[in-house]
Amino acid sequence: MHGRVTGNTSKPLQFYSFRPTLDCRKVCQVLATREEVSHYRISIMGNYFRRMGIGSRLALIIGLVAIIAFVALSWGLSASNARALREQSTNSMEQQTQQFTDSVALFDQSLQQQSARFLKLFQTDSLAPPFVLDADQTMEINARQTPLLMDQRGVINMDTQRVDDFTQRTGTPVTIFARTGDDFVRVNTSLKNDQGARAIGTLLDRNGASYRALMEDRVYSGIATLFGTPYITRYEPIHDAQGRVIGASFIGVDITEDLKSFESRVRSLKIGDNGYFMIVNADSGKVLAGGENEGVSLREMSDVEGNPAFAPIFNEQRGLFEYQLPDTEHAGRTTYFMQYPAWNWIVTATAINADIDDQIAAARNRFLLIALGLALAAALGVYVMMRRSLSSPLARVQGMAGHLASGDLRQHLDSRRQDEIGSLIGAMNGIGDGLRDIVSRVRQSVESIGHASGEIASGNMDLSRRTESQAASLEQTAASIEELTATVRQNTERARQGDTMAGEVVASAREGQQRLGRAVTTLRDLDATASKMSDIIATIDGIAFQTNLLALNASVEAARAGVHGRGFTVVADEVRRLAVRCSEASADIGHLIRHTIEEVTTGNAHIQQSGEQIAEITARMENLSVIVNEISRASEEQLTGIEQVSSALASLDETTQHNAALVEQSAAASGHLDEQARKLSEVVKVFHLPA
């Protein structure tokens, strides 16, 4: 070192004669050396991994995967356990807070019932309704003029014997209020202050819930502290004969001992190792009992960020929140709270996050140790199994592959295994057998290649001559196909013209058939109309018959009437003559209509026959049109086919010319093939076959 240290070890180090340039170089050299060492270690590890056998690699990889899997599983289990512990802690806080609040509510309900019974007893024993409030007559009480409140027993103002007797018997103080304007003044009470004086002549606080209840003619019950003593209070309005609220009666049940019992119970409740419960006054924020801040207002406490730490408990009815207090042993905390408005209380349960975190950490470490042990055992077992079942057999297969690579085809391995290694050994044996068979066949084939290549050369020369002759024949065939194509094209054009004419004839026949059909429809309508007219004529005949019958009846009645019926006789005769004329006219019209129906029926039959003949002609023309259309399509297909044949022949002619050139090239290649066969024979001789 190029400096000097002075002083004892408790003081800071002081360096002198410091040479920055030289030390920086050394620092750089040290850093470079460390980097080289790191790269060297990585290189050694990489070389070692590459030299490892496949069994060792698989065992290492499987072991690492098992460790990762077990660690991940244990981490997941620990995370799940952490969530479960947090949920369990939260549920425990909620459940215990709810139980405590329920017990307070049950006790409050019991005290309210008790106060109601005591007040009812006082009203029965000490008061005698109806009540009267005389605002004109007043009584001075503690320098205040109060109106007289009276019942049947007299004036209630300052009649202390009524209230004192009841308080002596029951131990519960009572008070009577008289209404003066919009206020209630205490005119009689057994409640005394710390100096022993009666709390009388004062007004009921207008800001209190009891005042609002009395003004709305309702009963109020709640907790209140009077002269340092907590009471369960009950206020009931007093009515006059007209039902107006003219006063109020009050009773209080002392709950000092009960509150002490609740406070001691809260102090004894615990959440985990260091958690606690608290009872907080909702107005002042003062901790009434429990926790480490008893007697301190929570409204004045702040968290590590300077914000009000307990603001949620004063703003909401119930809830859960986390916070961190400064300068405390257990800073991180979780609090569940629930308000009890009847007593102006807030019940809180606080858990120390460190307690839960310690449990979570212990569980996580336990899971990790178990997982690591299982993973190491699994890795060791896999390594031993891989060593026996994979590495050794692969070494034997590797040796056999080396012999095969050097050309020694006499190697063979024996194995009874049925797994992949056995299949690999069998495949290697199969490779050796296959190579032996291939080499034998190659040797035989190489000898015949020389003879075959010579024959290929002579055959290619003959093929060249035949190809030239084929090209000449193709030229003549192409010329004949061109003439045939022209003839077929002409036939196709004529078939198209015939198809067009047949289509026009079929269209005309269809139009005539449609018109004939409309005529048939019209005749059918006439036939139906004639039938309806026949029905109408039959109706007229029936009317004429009935008219004639009525005329006969009228004549008979007129004959019976004698002289008085002569007028009816004349009318009956006229009606009879009209009926006869109607019948004759109806008969004539019916005769004419029947004659018309016969002629229409005959004409309809002739038209139907004509329609059938035209339909038959139309069907035949349609068949003719189909046939002509098929002929036209067939001619077009023939023309297309002949054009394709002509094109194919032209292509074949061109291909034949190319074939002639290719055959010449093939002859040259055959000579080269003969030379390559000789070289292949020399190469195959490197393989050694067993005797």
Side-chain angles (χ1 to χ4, degrees), residues 86 89-109 111-112 205-213 220-226 228 230-233 255 258-260 262-267 269-272 274-353 356:
R86 293 187 185 278
S89 177
T90 302
N91 294 334
S92 176
M93 288 192 296
E94 294 180 3
Q95 185 178 7
Q96 293 187 51
T97 304
Q98 185 66 50
Q99 290 177 354
F100 182 81
T101 307
D102 291 342
S103 64
V104 173
L106 182 62
F107 179 70
D108 182 26
Q109 183 179 4
L111 290 178
Q112 289 183 12
D205 185 9
R206 288 194 176 190
N207 297 323
S210 58
Y211 175 82
R212 292 192 296 271
Y220 171 77
S221 179
I223 190 172
T225 301
L226 303 176
Y231 293 95
I232 288 293
T233 63
I255 57 171
D258 300 307
L259 289 182
K260 290 181 179 180
F262 276 120
E263 292 174 358
S264 62
R265 179 183 172 187
V266 166
R267 294 187 185 98
L269 291 176
K270 294 291 183 181
I271 300 293
N274 300 297
Y276 52 86
F277 278 76
M278 291 189 299
I279 299 177
V280 182
N281 184 278
D283 291 334
S284 63
K286 181 180 179 181
V287 179
L288 302 178
E292 57 192 15
N293 297 311
E294 188 170 333
V296 179
S297 176
L298 298 184
R299 292 183 179 272
E300 301 174 358
M301 298 185 66
S302 301
D303 56 14
V304 292
E305 297 178 357
N307 300 320
F310 295 93
I313 70 173
F314 302 107
N315 300 328
E316 300 176 10
Q317 292 295 323
R318 65 173 63 194
L320 183 74
F321 66 99
E322 293 186 7
Y323 58 95
Q324 188 173 358
L325 296 176
D327 302 330
T328 54
E329 182 181 359
H330 304 290
R333 309 184 184 201
T334 301
T335 295
Y336 178 81
F337 65 92
M338 179 182 299
Q339 291 191 2
Y340 188 69
W343 286 17
N344 204 25
W345 277 8
I346 302 174
V347 181
T348 68
T350 301
I352 305 302
N353 294 342
I356 302 175

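Note: hydrogens, waters and symmetry copies are ignored here, and every other heavy atom, side chains too, is used. Being a predicted model, the structure only gives us computed values, none of them experimental.
- When atom types are taken as modelled, the side chain of Thr233 and the backbone of Ser221 share no donor-acceptor pair closer than 3.5 angstrom.
- Residues satisfying the side chain to side chain contact (heavy atoms under 4.5 Å, CB included) test with Glu94, not counting sequence neighbours, are Thr90, Asn91, Tyr336.
- Each of Leu298, Asn344, Val347 was scored for a side chain to side chain contact (heavy atoms under 4.5 Å, CB included) with Val280, with one residue passing: Leu298.
- A 4.5 Å side-chain heavy-atom check between Lys286 and Val296 finds every atom pair outside the cut-off.
- For Pro308, the side chain to side chain contact (heavy atoms under 4.5 Å, CB included) partners at least two apart in sequence or on another chain are Ala311.
- In terms of the salt bridge (Lys or Arg N to Asp or Glu O under 4.0 Å) criterion, Glu316 has no residue partners (sequence neighbours excluded).
- The side chain to side chain donor-acceptor pair (under 3.5 Å) search around Tyr211 returns none, not counting sequence neighbours.
- Not counting sequence neighbours, the partners of Gln96 by the side chain to side chain contact (heavy atoms under 4.5 Å, CB included) test are Ser92, Leu269, Ile271, Phe277.
- Partners of Ser103 under the side chain to side chain donor-acceptor pair (under 3.5 Å) rule, at least two apart in sequence or in another chain, are Arg265.
- A heavy-atom distance below 4.5 Å is found between the side chains of Gln98 and Met338.
- For the residue pair Val266 and Gly290, the shortest heavy atom distance occurs at CG1-CA, 4.1 Å.
- For Arg318, the side chain to side chain donor-acceptor pair (under 3.5 Å) criterion is met by no residue, not counting sequence neighbours.
- Every salt bridge (Lys or Arg N to Asp or Glu O under 4.0 Å) that Glu294 has, sequence neighbours left out, goes to Arg267.
- In this structure, Pro341 and Gln317 approach most closely via the heavy-atom pair CG-OE1, 4.2 Å.
- Not less than 6.0 angstrom separates the ring centroid of Phe337 from the ring centroid of Phe310.
- When atom types are taken as modelled, the side chain of Arg212 and the backbone of Asn207 share a donor-acceptor pair closer than 3.5 angstrom.
- Looking only at distances, no side-chain donor or acceptor of Thr97 sits under 3.5 Å from a matching main-chain atom of Thr348.
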Name every donor-acceptor pair, under 3.5 Å, that has one atom in a side chain of residues 299-306 and the other anywhere in the protein, sequence neighbours excluded.
residue: Arg299; atom: NE; partner: Asp283; partner atom: O; Å: 3.1
residue: Arg299; atom: NH2; partner: Ala282; partner atom: O; Å: 2.9
residue: Asp303; atom: OD1; partner: Glu305; partner atom: N; Å: 3.1
residue: Asp303; atom: OD1; partner: Gly306; partner atom: N; Å: 3.0
residue: Asp303; atom: OD1; partner: Asn307; partner atom: N; Å: 2.8

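- Taking every heavy atom of both residues into account, Leu325 and Ala309 meet most closely at CD2-CB, 3.9 Å.
- Counting heavy atoms from C-beta on, the side chains of Thr335 and Tyr323 come closer than 4.5 Å.
- Considering only residues two or more places apart in sequence or on other chains, Ala105 meets the side chain to side chain contact (heavy atoms under 4.5 Å, CB included) condition with Tyr340.
- Scanning for side chain to side chain donor-acceptor pair (under 3.5 Å) contacts around Gln112 gives Asp108, with sequence neighbours left out.
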